[in-house]
Amino acid sequence: MARSEAAVFTNMCMVYNEQGQILVQDRKNQDWPGITFPGGHVEKGESFVSSVIREVKEETGLTIQSPQLCGVKQFQDKQGARYVVMLYKTNHFSGTLQSSAEGEVYWINRHELLQLPLADDFAEMIAVFEKEDLSECFYEQTNDASWQLKLF
């Protein structure tokens, strides 16, 4: 059995402020549209932390500092590669908020989040961002070959 496999690494960051608000993005990408947090792909040779700082800057105009890894989401993509999303959060940022081609970004009160048109499975991912006893979203294949999201 091979110990290596193809993998795609991405990131996502929950940026929050002292007023109890979180920064959301209304993604326009048809692969995964809806409300999420900003993030994107890790470039070859780039650290995970550097990539999330870069992606948040590109998509929001904000420069984040001290992003804390709070979990991982993973699943097999259509080509069979392991798709890994490193989940970060921070309340340290500077700059002026601006949207990008990825989608509109704006602040909302945390309690409003679940009322918005969220991207698929994003509601379940929120638990990993917020709960200390969770660290992973994992899609597991069941006996009938369907995929089931599990939180660990």
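No hydrogens, no waters, no symmetry mates; every other heavy atom, side chains included, goes into these values.
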Any side-chain heavy-atom pair of M12 and M125 under 4.5 Å: yes
Qualifying residue, where the test is side-chain hydrogen bond (donor to acceptor under 3.5 Å, both in side chains) with R110 and the options are Q21, Q19, E130: E130
Sole candidate of V56, L62, I53 that passes side-chain contact (heavy atoms from CB on, under 4.5 Å) when paired with C13: V56
Same cluster (ILVMFWY, side-chain, under 4.5 Å), I64 and Y106: no
Close side-chain approach of K73 and D121, heavy atoms under 4.5 Å: yes
Verify same cluster id: V85, F152 (apolar side-chain graph, 4.5 Å): no
side-chain contact (heavy atoms from CB on, under 4.5 Å) evaluation trace for Q65 with S94: CA-CA 8 Å; Q65 299 91 31; S94 60; 3.6 Å; yes
Closest contact, heavy atoms only, T10 versus H41: CG2-CD2, 3.5 Å
Exercise: identify the closest heavy-atom pair between W32 and R27: O-NE, 2.9 Å
Nearest-0.5 Å distance that lies between atom CG in N11 and atom CE in M86: 9.0 Å
Within 6.0 Å of CG in D144, more than 12 heavy atoms from elsewhere: yes
Any side-chain heavy-atom pair of V15 and W107 under 4.5 Å: yes
Geometric class of the F75/Y83 ring pair [parallel <30°, tilted 30-60°, perpendicular >60°]: parallel
L114 reachable from Y16 in the ILVMFWY side-chain graph, under 4.5 Å edges: yes
Hydrophobic cluster identity match, V105 and V24, side-chain contacts under 4.5 Å: no
Whether F37 and F129 hold their rings parallel, tilted or perpendicular, with breakpoints at 30° and 60°: perpendicular
Atom pair CD/SG of E124 and C137 - distance to nearest 0.5 Å: 8.0 Å
Minimum heavy-atom distance P67-V52, with the two atoms named: CG-CG1, 3.9 Å
Distance-only side-chain donor-acceptor flag, E102 / Q25, under 3.5 Å: no
Exam field: side chain Q68 to backbone S66, donor-acceptor pair closer than 3.5 Å: yes
Geometric class of the F9/F48 ring pair [parallel <30°, tilted 30-60°, perpendicular >60°]: tilted
Spacing of CD1 belonging to I22 relative to NE2 belonging to H111, to within rounding of 0.5 Å: 10.5 Å
D120 atom CG, over 12 foreign heavy atoms within 6.0 Å: no
Minimum-distance pair of heavy atoms, taken over all atoms of V49 and Y88: N-OH, 3.8 Å
Any side-chain heavy-atom pair of I35 and P117 under 4.5 Å: yes
Gap separating the CD atom of Q76 from the CD atom of E140, nearest 0.5 angstrom: 11.5 Å
Verify same cluster id: I108, L23 (apolar side-chain graph, 4.5 Å): no
Straight-line distance of E58 CD to S51 OG, nearest 0.5 Å: 10.0 Å
Spacing of N91 atom CG and N17 atom CG [to the nearest 0.5 Å]: 8.5 Å
Minimum heavy-atom distance between L118 and A123, given as atom pair plus value: CD1-CB, 3.8 Å
Residue pair Q30 / P33: nearest heavy atoms and the distance that separates them: O-CD, 3.5 Å
